[in-house]
K.L.:
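Below is one structure. I have some questions about it.
For clarity, every value in this text was computed on a predicted model and none was experimentally measured.
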Amino acid sequence: MDDLLRLKERVDIAIEIGESYYREFKSALEGHADIKVARDIKEVCYDIAKTLVAFANADGGELFVGIEDNNTITGLPYKEDKISAILKAPENYVLKETPLPVKRASLINYDDKSIAYFSVDKGAKYVHLTSKGECFQRKDRESVPTASELIRFAREEEVSREYDRQFVELANVNDLDLSLVISVSQNISKSMSPEKFLQYLELAEFDGNRLRIRRAALLLFAKNPSKWHPRSQVRILRVKGTEEKTGENFNVTEVGEANGNIFQLIETSWELLRPHLTETRFSKDAIFKTQIIYPELACREALINAITHRDYSLEGRGIEVKIFDDRLEILSPGKLLSSITIKELEELKGIHQSRNTYIARVLRECGYIRELGEGIRRIFELMQSNDLVKPRLESPNKTFIVILFYKFVYTKEEKLWLDNFEHLNLSREQKTVVRLGINGRLISAKEIFETVGIIDTEEYRQLLESLKNINILNSKISSEEVQNIVTKKKKTGVTISRKSIPRFEITLPITSPPTYPISQISRNQKDVSDYAKIFISNLSSDITVQDIESAFSQFGEISDISIPKDYATGNPKGFGFVEFEKKESAYIAFNHKSPIVIRDRKIFVQEYKK
């Protein structure tokens with residue numbers, strides 16, 4: 001079958017995508033760039049064991065030995081006996097009592113160079129240890145020493161942890177929505193067939209006669225999901241009041257129900273939920289105004305988190321979202337994994353254990369979840385930045401619940417400041433911007449985007465105009481002055497983004513309106529930016545903002561550059577975002593044909609998904 005994924009093609013794809021949470025490259029060489037020699041074989045074998053142990057103690061992964069961190073293939077500079085020792089490293093350098101679930105240990109000949117390839121599953125029976133008795137676990141792109149007690153899980157979790165990886169013998173590739181498979185595969189490689197894509201992400205496996213399909217593939221891409229899972233659904237419920245009642249006082253109504261495969265669930269359930277994150281109120285000036293109750297990004301994060309990590313082995317129940325008068329509850333089937341505690345999640349440690357390894361991997365690779373282990377932390381940060389109290393996490397009766405409260409938190413000083421604007425009946429977004437400008441403090445566009453939780457440029461413009469129209473927001477620094485500041489800083493070797501420069505001022509409201517239109521006094525100060533982002537990946541660990549600016553400024557004026565860092569190590573995560581002043585610049589960068597190379601790495605550019 002021409003569509004089968006050969007090992008050589010696996011190398012091509014790995015080099016194109018680069019290292020990740022699920023993938024690592026190891027060099028068999030050491031020394032100066034011009035005078036490299038072969039590494040000690042025992043050291044290489046131990047490195048292999050350490051990395052595979054870390055993968056097995058997390059969510060599985062693949063290791064290539066003979067490829068450098070910069071994606072260059074240098075091969076194995078050893079004779080046959082030592083190469084044989086390398087291929088046996090997963091057995092000889094791992095504690096015998098905790099054998100690895102190795103799927104492949106192969107030698108690949110690639111352009112006359114030998115590469116050792118290993119692939120391991122997520123462990124379900126043991127906490128895996130090296131032959132030295134050391135325990136490691138994969139965290140982002142590192143193999144981190146970890147106490148085995150933190151990895152141990154109850155045996156009763158084996159069924160739920162293995163559910164998405166099981167093969168369904170009655171299923172075949174025709175049971176999948178191949179157009180959806182192709183669409184998703186474009187995020188990884190534009191040249192892969194559906195069959196190769198499924199094999200690459202371990203969603204299917206060729207047994208010599210046919211392509212065997214895992215449950216994860218059916219949950220993600222099935223044409224008829226209910227045939228394979230009776231409760232692949234999200235129900236949106238409205239509770240009138242602050243508690244559920246029964247009998248004649250029953251107060252629960254169904255807003256809607258989303259059914260389908262996981263990609264359909266994410267989009268359809270979000271469309272059903274999103275209108276209920278706002279409410280329309282009759283203001284003091286006799287105008288109906290729509291106010292956002294909860295930050296959309298936090299709600300979407302919680303919803304996707306529930307769909308990704310629910311216990312699909314519990315087939316009798318789906319996900320439920322309950323909208324109370326004072327809170328939003330997102331309930332997913334399956335109790336919190338025994339290796340994770342509520343306290344660890346609430347302390348925002350970025351703890352990560354994925355029940356559904358294959359589902360989580362696909363959603364991460366195609367951009368739905370960009371940072372493993374940070375979903376809960378992101379929800380907490382968004383609620384805090386929107387002045388709302390902390391979410392509450394609960395795990396009763398084989399469920400996991402994220403509760404978001406509609407309750408604001410202000411300091412005494414902020415409360416006094418906001419009292420000056422009480423008669424204006426401001427929306428939550430307006431109030432958030434006013435709070436940022438407390439006592440004359442200048443505000444940047446970046447602060448408004450991040451603190452309010454805005455993802456759309458038009459929303460940003462409307463928010464600024466609404467504040468200008470009631471005469472409480474002024475541009476203290478013009479666009480020309482902003483550019484002058486950026487240019488001056490650049491001459492001193494300091495790169496700053498236009499968007500991060502404080503320029504807006506909140507002023508106390510006046511008792512009577514001005515006698516001339518606001519548009520006239522702000523015409524020269526109007527923000528005409530057309531902000532647009534792109535997503536970039538395969539960044540090196542020593543990448544800088546200056547490197548990215550030098551590479552991408554050819555496409556247009558850059559407003560902002562963001563390089564997320566690992567919470568524990570402080571190292572860049574391997575991806576980032578470039579935001580241009582104009583959408584046209586982002587379009588040109590996204591469609592640029594020639595390779596963009598930074599620090600000897602080909603940078604991959606993807607469209608930013610809101």
Side-chain angles (χ1 to χ4, degrees), residues 1 3-5 22 59-60 101 103 119 121-122 124 157-189 192-235 257-270 303-319 332-334 354-369:
M1 290 178 66
D3 282 327
L4 293 181
L5 185 66
Y22 298 100
D59 292 321
K103 291 191 290 186
S119 176
D121 265 330
K122 169 184 182 177
E157 289 177 4
E158 285 188 31
V159 174
S160 70
R161 283 176 177 261
E162 293 188 347
Y163 185 85
D164 80 327
R165 72 177 65 184
Q166 293 172 342
F167 290 102
V168 181
E169 299 305 333
L170 296 177
N172 61 59
V173 71
N174 292 321
D175 290 306
L176 307 179
D177 182 344
L178 293 182
S179 62
L180 176 60
V181 174
I182 292 170
S183 175
V184 172
S185 70
Q186 299 300 302
N187 290 280
I188 296 175
S189 175
M192 263 196 292
S193 69
E195 291 81 3
K196 288 179 181 178
F197 168 75
L198 293 170
Q199 290 177 83
Y200 175 71
L201 288 179
E202 313 292 346
L203 298 175
E205 191 173 284
F206 185 65
D207 65 0
N209 295 308
R210 67 188 184 94
L211 205 60
R212 301 175 71 204
I213 306 296
R214 294 188 193 272
R215 285 190 187 278
L218 294 166
L219 290 168
L220 286 159
F221 300 110
K223 289 179 186 173
N224 181 13
S226 61
K227 178 180 177 181
W228 312 103
H229 195 288
R231 289 291 184 272
S232 181
Q233 64 178 203
V234 177
R235 295 179 68 205
E257 182 180 299
N259 295 278
N261 59 49
I262 284 176
F263 285 98
Q264 292 169 334
L265 279 187
I266 289 173
E267 297 308 323
T268 306
S269 62
W270 178 241
L303 182 63
I304 293 176
N305 192 70
I307 294 171
T308 305
H309 300 299
R310 67 155 286 185
D311 186 348
Y312 283 95
S313 71
L314 300 176
E315 296 183 342
R317 189 173 188 180
I319 293 165
S332 55
S354 177
R355 175 183 276 114
N356 306 308
T357 306
Y358 294 96
I359 291 171
R361 180 177 183 180
V362 172
L363 293 179
R364 181 182 188 270
E365 294 278 12
C366 65
Y368 277 87
I369 49 176

K.L.:
So, using salt bridge (charged side-chain N to carboxylate O under 4.0 Å, His left out) as the criterion, who are the partners of K223 when residues are at least two apart?
P.N.:
none

K.L.:
Applying ring-ring contact (aromatic ring centres under 6.0 Å, His included), name anything that partners F221, two or more places apart in sequence or on another chain.
P.N.:
F263

K.L.:
Supply the atom-to-atom distance Y163 OH to R310 CZ, rounded to the nearest 0.5 angstrom.
P.N.:
8.5 Å

K.L.:
Please name all residues satisfying salt bridge (charged side-chain N to carboxylate O under 4.0 Å, His left out) with R317, sequence neighbours left out, ordered by chain then number.
P.N.:
E320

K.L.:
Rounded to the nearest 0.5 Å, what separation is found between the CG atom of N261 and the CG atom of N224?
P.N.:
10.5 Å

K.L.:
Working to the nearest 0.5 angstrom, can you tell me the gap between Q264 CD and L180 CG?
P.N.:
7.0 Å

K.L.:
Residues in side-chain contact (heavy atoms from CB on, under 4.5 Å) with Q233, at least two apart?
P.N.:
R231, R235, E257, N259

K.L.:
Going by the rule side chain to side chain donor-acceptor pair (under 3.5 Å), which residues pair with S183 if we only count those two or more places apart in sequence or in a different chain?
P.N.:
none

K.L.:
When rounded to the nearest 0.5 angstrom, what is the spacing between CZ in R361 and CG in L201?
P.N.:
5.0 Å

K.L.:
Residues in side-chain contact (heavy atoms from CB on, under 4.5 Å) with A306, at least two apart?
P.N.:
I319, I330, S332

K.L.:
With the side chain counted from C-beta on, respond yes when L198 and F206 share a heavy-atom pair under 4.5 Å apart, and no when they do not.
P.N.:
no

K.L.:
Mind checking side chain to side chain donor-acceptor pair (under 3.5 Å) for N172 and listing every partner two or more places apart, or none if nothing turns up?
P.N.:
none

K.L.:
Checking the side chain of N356 only, and the main-chain atoms of D164 only, is there a donor and an acceptor separated by less than 3.5 Å?
P.N.:
no

K.L.:
Taking salt bridge (charged side-chain N to carboxylate O under 4.0 Å, His left out) as the definition, give me every residue that meets it alongside D177, ordered by chain and number, with sequence neighbours left out.
P.N.:
none

K.L.:
According to side chain to side chain donor-acceptor pair (under 3.5 Å), who are the partners of T357, at least two apart in sequence or on a separate chain?
P.N.:
K122

K.L.:
I need the minimum non-hydrogen distance between S269 and A258, along with the two atoms involved.
P.N.:
N-CB, 3.7 Å

K.L.:
For the residue pair Y22 and G60, what are the closest heavy atoms and their distance?
P.N.:
CD2-O, 3.6 Å

K.L.:
With rounding to the nearest 0.5 angstrom, report the CD1 to CG distance, I359 to L219.
P.N.:
4.5 Å

K.L.:
To check you understand the geometry: which heavy-atom pair defines the closest contact between I213 and A217, and what is its length?
P.N.:
CG2-CB, 3.7 Å

K.L.:
Apply salt bridge (charged side-chain N to carboxylate O under 4.0 Å, His left out) to E267 and list each qualifying residue two or more places apart in sequence or on a separate chain.
P.N.:
R300

K.L.:
Rounded to the nearest 0.5 Å, what's the gap from CG on L363 to NE2 on H309? Could you check?
P.N.:
8.5 Å

K.L.:
For R215, is there an ion pair with E162 - N to carboxylate O distance below 4.0 angstrom?
P.N.:
no

K.L.:
Restricting to non-hydrogen atoms, name the atom on P333 and the atom on G318 that form the minimum distance, rounded to 0.1 Å.
P.N.:
CG-O, 3.5 Å

K.L.:
Show your reasoning for whether salt bridge (Lys or Arg N to Asp or Glu O under 4.0 Å) applies to E205 and K103.
P.N.:
CA-CA 11 Å; E205 191 173 284; K103 291 191 290 186; 5.7 Å; no

K.L.:
Tell me the closest heavy-atom pair linking R165 and Y358, and the distance in Å.
P.N.:
CB-CE1, 3.1 Å

K.L.:
Can you see which heavy atom on P194 is nearest to which on I182, and at what distance?
P.N.:
CG-CG1, 3.6 Å

K.L.:
Got a sec, which residues hit side chain to side chain donor-acceptor pair (under 3.5 Å) with Y312, two or more places apart in sequence or on another chain?
P.N.:
none

